[in-house]
Each structure stands twice: as structure tokens, then as C-alpha cells.
Amino acid sequence: MDDTLFIDLEQTQLLPGQHVAGKILWALEKGPKEIRLSLGWSTEGRGSRDDKIEAELNWSTEATSGEESFEFTLPASPYSFDGTLISLNWALTLSVKKGKATHQLPITVSPHAEAIALSAVPNESKRKPFSFLKR
Amino acid sequence: MATFSINKHSNSSHRLGKASGKAIGLLFGCVFFAMGALFCWLMGLSPLLKSLDSNEWPQVSCVIDSSEVGSHRDSDGTSYSVDICFSYSARGISYQSDSYDFAAVSSSGRSAKAAIVARYPVGSQQDCWVNPQDPSQAVLSRDIPRSVYFVIPFCSVFMIIGISVMLGTLGWLPKQWNLGFNSRHKRVSTEATGTQQLKSSSTGIGKVIGVTVAACFWNGIVSVFLIQLVNSHRSGHPDWFLTLFLIPFVLIGIALILAIFHSLLALANPKLELRLSESSPALGDRVQLEWSATKPLTKVRHLKISLQGEEAATYRRGTNSATDHSTFHHDILLELDQPATQQRGTLELCIPIDSMHSFDCANNKITWRLCVDGEIPRFPDIKNSYPITVRAIPLS
């Protein structure tokens, strides 16, 4: 039997500050000892990765299968965004202490239901070297 | 039955990783600096100081016992050295020396060494200079070894990298220079801060100090060699190799001196004082921006105030770090072709609601700022930026 972890959430497009409720389900070969659900974000793109776990829930159990409900209140920021150099992605991550099983559910935290799109615009104010000599 | 607990994480994970990263950074910086300093001393500074010190050494006659070009073969190829042995007397005691000059290394290029050896045939009588403190030490040439001109700048790069890594690891570099790759997130304030005068990210004085220090450092080193060069020309034996070699270094030194004047002139530019009715506006907010010039804008031909939003991503490139920028918002708020007629004004500023709030992490940032650009003919332009914090939309 394969180890199965699952996060059951009604919707994944969420508002900052929203109260989130859902369920976790697991079916494992061995007792997990502890199940951990974390809410966090990470960056990806050109820059080195930044990440942060905003909240974490733990359940101590030896049951090989079961379900538990969870609740979080999302913070007011940062928003999910998708820029030219940087993207910020939120996710709920479910993992077990004993074993390698893991499950990640990407979510969007934004006041506009989807990640903020930041597209590059030309910047005319960039410094032009020796511009003072040209006049 | 499952037992439930909740943890709130106020900081990023990887604390252990941070500590080991710090240790590696310190070790790397220390090794880089130590190796650079060691080679700089052995192959650069020590020969240079000995050469300068030897100006006081007495001149005595000597006889050349052997004279040949030594070749040294290793995995990197063959290098050559001037191997001349000579005998001389000092304080009534006979000595023998095998030091042609103060160079501590052999190098590629056989012909230059062969030309030197040809000037010192075996059995010929020559002049040498003897260390009065230690008569067993004598050289045939007191000139600064040419290898010094390469070794000191080359090793200095290693020393600067090493010390920068150490200071960066310890967090002693200015914030904008910091190479920090630890995951630090500074949450954007949710509270309004009210009316405030904005601070410019640079007063211009820092630039003057930075350029002056760089010019003094660069020209200080170059002047040591320049004095040597002037002396060689005055003595009638100009060192043409050194003359040609020094030209680019002297030109850079002159450019740095000109840069001091440029940055000093920029200090005389009129400054714009900006005051926002809410200095930390939220996305979607409309705020009043009052601007006033500290000096008359008579010489300013074109004045522009703009609101800019920018992504800044810092990443490793080998042992260095680099930061890329991408502008995602650029809104020109004010554009004046004859700013002399208007010394102050008020305008309305709208922060777009569908954009991203300020975000401040160790490696990735979203920054907002007001930029002031003024063109002054034949004078340094006005270029100032005033960072602002854009808050997320307040929770209802």
C-alpha cells in the first residue's frame, strides 16, 4: 500500500486575513508518530530563495489512517505575486515525522482572487553615464 | 486519538544552516584574506620595501663568478630567473651573493632575463649595493622588481574579497552592501504613520566620501610607482616599460579625481523636499504630495517627479552576489519644462490597488519610491529617490 496524505480544502484562492478551515486525511503503512501541517510561503525566480512558515499545526498519533480538521487565519500579507524576477507562492504542506510521505497544496493569497501580476515597464529614469557632458 | 498543538513561527527556519553558513563564510573570507596577504607580502610589499630601503645602501665593487638564465620547469610550464653569483668585500670580509635584485619569484619570458645576464659576463667587475646592517646581503640592481607591479594589485583583489566576505558574514557591511542570504522577512507595517517629510536615500555626502577614499587609495598606490618613474626619467635612464604600464593606472586616478569634483558639484544642486499626507500609504490610497525646492530652480531645465515600483532579486554568482532590478510601475506625477517659474506645488498621488505592497526579505524585495530627476545643462543632474513603504490593503 502506498502512503497517502491529502489536504481537503474547499477553495485555494483565498483572501488575506481570511479564516480557512479544512481537513487532512492520511492512510499510511506505519504509524506516523506525528503529522504536521504548515502554512507558509516561498519565493522563486532570479533571486536566492526566501521562505517563511507562518503557522504550523501538529497532531501526535500512531493511527495508520484517519482524518483531522484544521483552521487557520491567514495573515494580511504578503500577497501571492508573479513578477518578472520574483514570484511568491503560498502553500499548505502536510508531512509526517516517521516516514517520507508529504503532500503540498498550493494556495493563492491575494485580495483579487489570483496572484498579482507584475510585468516589466520601461524605466526612463535609469542613470545615463556622462549625460551631463552631452548638453 | 490524535493530540493537537499549534506553533506560530515568527522567523524563518534554517537557524542551524545560518550558523554553519556563517562559519563557512568566516573561514572562506579568512583563508582568502590570509593567502592574499601572504603572497602580497612575500612577492610584492617585501621586495618593494627592500628596494626603497636600499637607496641608503653603500655601493661597492664586485666580481661576477657565474652568470646564466635559470630555467624552472613545472606543471604550469617553464619559468626563468636571473642566476648571477658575485663576490664582494665589505668591512674587510669577503662575501658571495646570488641576488640580482629583490624579486622573490621566477617568471615567464626568457629574453629579458638573457639581456640582463649578457650585461654581467663572468669575470667582469661590476657595482653592487651592500646592506650596511647585514653585509652578507647585496644586490646588483636596486630597481623595484617588475613582478611587484602585477603582484600587489592581484593580491589586493583577493584581500578585498576576503575581508568583504568576513565583514559581510558578521553583518558589519552597510545594509545596502550586505551579502546576506539568510531568509529574513520584515513584515510590512499595517498601521498608517501620518504626514511625514520623506528622506532621500542619499544625501550626496556619502558619494563624495566614497569617491574621495577610493581616489586617495588608488592614487596613493600609483604615486609610489610614479615617483620611481619620475626619478628614472630625471636620472636620464627612463624606464619605458614602467611608463607604458602606468598610463592606464594614472588615467583611472585622474578620472577618480574628476569624480570627486563631479560629486562635490552635485552637492550644490537644489534639493526637493517631499511631504506625503500619509507616508506609508496602502494599495489603492490617494494621498497628497507637497513638494518644494530648497534653492531656486533657475538652472534646472527639466524637472520630473515619478512614482516607481521595483522588484530586486539578489542571487549568488560564483563567490559574489548580484542584484537584478525590474521596474513594474512607473508613473510620472509631475513634468515641468520651466521649473524656475514654480518653486513648490501639491499633487495627488494614487497607489494602484491591483499592484503589490512593499516586501522586504533577505534576497527578494518589492520597493516603492518617489524619484526626482532634474536636468541641468553642463552640470551634474539632480537625481534623488525617496523610498516609501506601501502597505497591504487594510483588513476590513
Side-chain angles (χ1 to χ4, degrees), chain A residues 15-18 34-36 38-63 66-68 70 72 75-79 81 83-88 110-112 116-128 131-133 135, chain B residues 1-9 11-13 181 183-185 187-188 190 262 283 301 304 306 308-316 321 323-330 353-357 359 361-366 371 373 375-381 383 391-396:
Chain A
L15 295 169
Q18 186 178 335
E34 187 177 279
I35 296 178
R36 185 181 302 133
S38 62
L39 167 72
W41 53 260
S42 64
T43 61
E44 64 175 328
R46 186 78 57 87
S48 299
R49 180 186 158 103
D50 288 311
D51 56 52
K52 187 173 182 182
I53 296 172
E54 294 283 357
E56 196 173 86
L57 301 172
N58 294 296
W59 291 270
S60 297
T61 179
E62 285 298 345
E67 66 172 65
E68 288 285 349
F70 68 86
F72 283 120
S77 67
Y79 297 165
F81 72 90
T84 310
L85 302 176
I86 312 162
S87 293
L88 188 143
S110 163
H112 312 295
I116 311 275
L118 303 176
S119 49
V121 295
N123 185 353
E124 296 152 9
S125 302
K126 290 281 182 197
R127 196 172 290 269
K128 293 168 194 151
S131 57
F132 70 101
L133 294 173
R135 296 185 294 270
Chain B
M1 181 178 164
T3 327
F4 167 81
S5 66
I6 186 164
N7 299 319
K8 282 271 183 185
H9 289 247
N11 227 327
S12 287
S13 50
F181 284 92
S183 203
R184 168 194 58 79
H185 174 231
R187 195 179 291 283
V188 177
T190 53
H262 183 268
L283 291 166
R301 193 167 66 182
K304 194 166 72 177
S306 58
Q308 288 184 19
E310 194 175 79
E311 295 175 62
T314 303
Y315 56 95
R316 283 187 193 277
S321 76
T323 302
D324 284 355
H325 300 267
S326 172
T327 305
F328 62 83
H329 183 88
H330 187 235
I353 196 164
D354 57 351
S355 196
M356 180 63 191
H357 58 76
F359 174 70
C361 247
N363 307 311
N364 299 281
K365 290 179 177 25
I366 297 287
C371 298
D373 296 274
E375 281 181 24
I376 306 176
R378 293 174 295 283
F379 208 74
D381 287 340
K383 273 205 175 289
R391 291 178 292 128
I393 300 168
L395 299 174
S396 51

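Computed from a prediction, not measured in an experiment: that's the story for all the values here. A, B, ... follow the sequence lines: proteins, then strands. Residue 1 opens every chain.
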Portion of B:L395 that has a non-hydrogen atom of chain A nearer than 4.5 angstrom: side chain
Approximate separation, where rounding is to 0.5 Å, of B:I366 CD1 and A:I116 CD1: 10.5 Å
Minimum-distance pair of heavy atoms, taken over all atoms of B:H357 and A:Y79: NE2-N, 3.2 Å
A:S48 and B:T314, any side-chain heavy atoms less than 4.5 Å apart: no
Shortest non-hydrogen contact from A:T84 toward B:E311: N-OE2, 2.8 Å
Non-hydrogen atoms of B:H330 and A:P122 that approach each other most closely: ND1-O, 3.9 Å
Taking every non-hydrogen atom, the tightest pair across B:C361 and A:W41: SG-CH2, 3.5 Å
Nearest heavy-atom neighbours spanning B:K365 and A:I86: O-CD1, 3.7 Å
Separation between CG of A:L118 and CG of B:D354, rounded to the nearest 0.5 Å: 9.5 Å
Interatomic spacing from NE2 in B:H325 to CG in A:L85 - rounded to 0.5 Å: 9.0 Å
Interchain contact, A:S77 with chain B, by part (heavy-atom threshold 4.5 Å): both
Top contributor to chain B interface from A:P78, A:G17, A:G66 [non-hydrogen pairs under 4.5 Å]: A:P78
Contact class of A:L88 relative to chain B, heavy atoms under 4.5 angstrom: side chain
A:D50 (side chain) donor-acceptor with B:N364 (main chain) under 3.5 angstrom: yes
Nearest non-hydrogen partners of A:A76 and B:A392, listed with the distance: O-CB, 3.9 Å
Region of A:P111 that comes under 4.5 Å of a non-hydrogen atom in chain B: side chain
